[in-house]
Amino acid sequence: MGLYLIGDVQGCDEALGRLLAEIAFSPSRDELVLLGDLVNRGPDSAAVLRRAMRLGGSAQCLLGNHDLHLLGVAHGVRKAGRRDTLAPLLAAPDREAMLDWLRRQSMALHRRVGGGDLLMVHAGVLPSWTVQDTLALAGELEAVLRGPQLAAFLHEMYGNAPAAWRDDLRGSARLRVIVNALTRLRFCTPAGEMEFEAKDGTAEPPAGHLPWFDVPGRRTAGATVAFGHWSTLGYVSRPDLLATDTGCVWGGCLTAVRIGATLADRERIQVHCPQAQKPG
């Protein structure tokens, strides 16, 4: 049995099919986790969702910012952007089945591997959150996404404030911080105040900010946190970190990482991707 983590697919179904063939993925034997941003910017978001749905229990998926954006557009809360490629999915006869499946996916996942903790999110984790905090807060958000208040929540989801977590946050403000941390975070201050404008790599962070994973005292540092979202960061593998977004939609690679008997046992498998979008 193999556990495979795959970074942002973003509608690039042909590349996903080649990567699954390259790793000889078997739904009866292996487990797959797609680390969010299944859809948008690439040529066939509907095919990606249909493929994931067909895999059933052998595939688990995290929701990324583009996946939540799809739900927002589908509910009339947000207009499609000029670079979005969601129209064919939204016009598909099985759109409702795909959207219902999507909103029932996870915001964070956790596995114990060889005595260690593997925490999987789309973008990041605030420095004050433990693994248990992250899973509990993700669960709060999942309950809303799967429940009757989805449309009302989507109207309140967008925005950058509050920029930092407080335990006494309630309602839409609380959920917005959870969404932004799990699906948009790249840089924050040592106190955990998030910044959303900078999208380059780590060489020149915004003044007073650090990559979220380099904040001193981060409470998930004892776990391995696997994530996607940050294509300009590229592939990073270190004991406490596994970054998997290697820019498939931009003409980079689609990356899978096989996790072995321990969290140190990692194998990277990649396929090259045709460029679906130009950066900028």
Side-chain angles (χ1 to χ4, degrees), residues 7-8 10 35-41 61-73 75 77-78 81 84 102-103 105-109 119-131 133-146 149-200 202 205-206 208-215 218-220 225-233 241 243 245:
D8 303 36
Q10 292 203 244
L35 294 170
D37 279 0
L38 283 70
V39 303
N40 207 14
R41 303 287 173 82
C61 303
L62 295 175
L63 294 177
N65 50 303
H66 283 282
D67 307 311
L68 294 177
H69 175 64
L70 168 59
L71 294 175
V73 173
H75 283 80
V77 174
R78 201 77 163 179
D84 287 351
L102 189 67
R103 74 187 185 108
Q105 301 313 299
S106 300
M107 297 303 307
L109 290 167
L119 177 64
M120 294 162 278
V121 297
H122 174 61
V125 180
L126 287 172
S128 65
W129 293 355
T130 65
V131 171
D133 292 335
T134 305
L135 295 170
L137 295 171
E140 291 182 26
L141 181 55
E142 290 163 4
V144 174
L145 293 171
R146 298 168 186 176
Q149 299 302 311
L150 171 63
F153 163 69
L154 291 171
H155 279 88
E156 301 291 333
M157 179 176 71
Y158 293 93
N160 295 341
W165 175 254
R166 299 196 319 269
D167 289 337
D168 63 351
L169 287 171
R170 296 293 181 267
S172 59
R174 180 181 180 92
L175 293 172
R176 195 178 305 117
V177 174
I178 299 170
V179 166
N180 286 341
L182 294 178
T183 70
R184 298 177 63 204
L185 179 60
R186 292 184 179 93
F187 294 101
C188 64
T189 67
E193 184 171 333
M194 296 179 281
E195 195 277 345
F196 299 112
E197 297 302 318
K199 297 183 179 180
D200 292 331
T202 60
H209 294 73
L210 297 165
W212 64 266
F213 45 79
D214 284 337
V215 171
R218 174 171 60 89
R219 298 182 72 193
T220 50
V225 183
F227 64 102
H229 183 60
W230 201 342
S231 62
T232 51
L233 180 66
L241 204 69
D245 183 1

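Each residue takes its place number in the sequence, starting with 1. All values derive from a computational prediction rather than experimental measurement.
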Problem set entry | Derivation of the side chain to side chain contact (heavy atoms under 4.5 Å, CB included) call for S231 and D8 | CA-CA 9 Å; S231 62; D8 303 36; over 6 Å; no
For this session: Start with the C-alpha gap between W165 and R174, add the side-chain angles, then the distance that decides, and say whether side chain to side chain contact (heavy atoms under 4.5 Å, CB included) holds.
Result: CA-CA 8 Å; W165 175 254; R174 180 181 180 92; 3.5 Å; yes
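Judged by distance alone, with hydrogens and angles left aside, the side-chain atoms of N180 form no donor-acceptor pair with the main-chain N or O of L185 at under 3.5 Å. Looking only at distances, no side-chain donor or acceptor of R219 sits under 3.5 Å from a matching main-chain atom of T130. With hydrogens and angles ignored, the 3.5 Å screen pairs no side-chain donor or acceptor of E140 with any backbone N or O of L175. Of the possible polar contacts, none joining the H209 side chain to the P205 backbone as a donor-acceptor pair under 3.5 Å is found. Checking side-chain atoms of R184 against main-chain N and O of A123 turns up no donor-acceptor pair under 3.5 Å.
Of all heavy-atom pairs between V179 and L68, the closest is CG1-CD1, 3.9 Å. The two atoms that bring R103 and L145 nearest to each other are NH1-O, 2.9 Å, heavy atoms only. The minimum heavy-atom distance between V121 and L182, with the atom names listed, is CG1-CD2, 3.9 Å. Minimum interatomic distance between V77 and Y158 (heavy atoms only, all atoms of both residues): CG1-CE1, 4.0 Å. The two atoms that bring T220 and T134 nearest to each other are CG2-OG1, 4.5 Å, heavy atoms only. P162 and L169 make their closest contact through CG-CD2, 4.0 Å (heavy atoms, listed as atom of the first residue, atom of the second, distance).
The one candidate from M157, M107, H229 that meets the side-chain contact (heavy atoms from CB on, under 4.5 Å) condition with T183 is M107.
In this structure, L62 and F227 have side chains that are not in contact, with every pair of non-hydrogen atoms separated by 4.5 Å or more. In this structure, the side chains of D84 and R41 come closer than 4.5 Å at one or more pairs of heavy atoms. Inter-residue side-chain proximity for L71 and L154 is flagged as met; some heavy-atom pair is nearer than 4.5 Å. Proximity of L233 to D245: side-chain heavy atoms (C-beta onward) are nowhere separated by under 4.5 Å. Contact annotation: the side chain of L38 never approaches that of Q105 to less than 4.5 Å [non-hydrogen atoms, C-beta and beyond]. Between L135 and L119, some side-chain heavy-atom pair lies under the 4.5 Å cut-off. Side chains of V177 and L126 form a contact here, defined as non-hydrogen atoms less than 4.5 Å apart.
In this structure, F213 and W230 have tilted ring planes: the angle between them lies in the 30° to 60° band.
Residues W212 and D214 have side chains that never bring a donor and an acceptor to within less than 3.5 angstrom of each other. With 3.5 Å as the limit, one finds no donor-acceptor pair spanning the side chains of D67 and H122.
Rounding to the nearest 0.5 Å gives a distance of 4.5 Å between NE2 of H66 and CD of Q10. Note that the CG atom of D167 and the CG atom of D133 stand 7.5 Å from one another [nearest 0.5 Å].
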For a quick test of your reading: what N or O donor-acceptor pairs under 3.5 Å do the side chains of residues 190-199 make, sequence neighbours left out?
residue : atom : partner : partner atom : Å
E195    : OE1  : E197    : N            : 3.2
E195    : OE1  : A198    : N            : 3.1
E195    : OE2  : E197    : N            : 3.2
E195    : OE2  : A198    : N            : 3.3

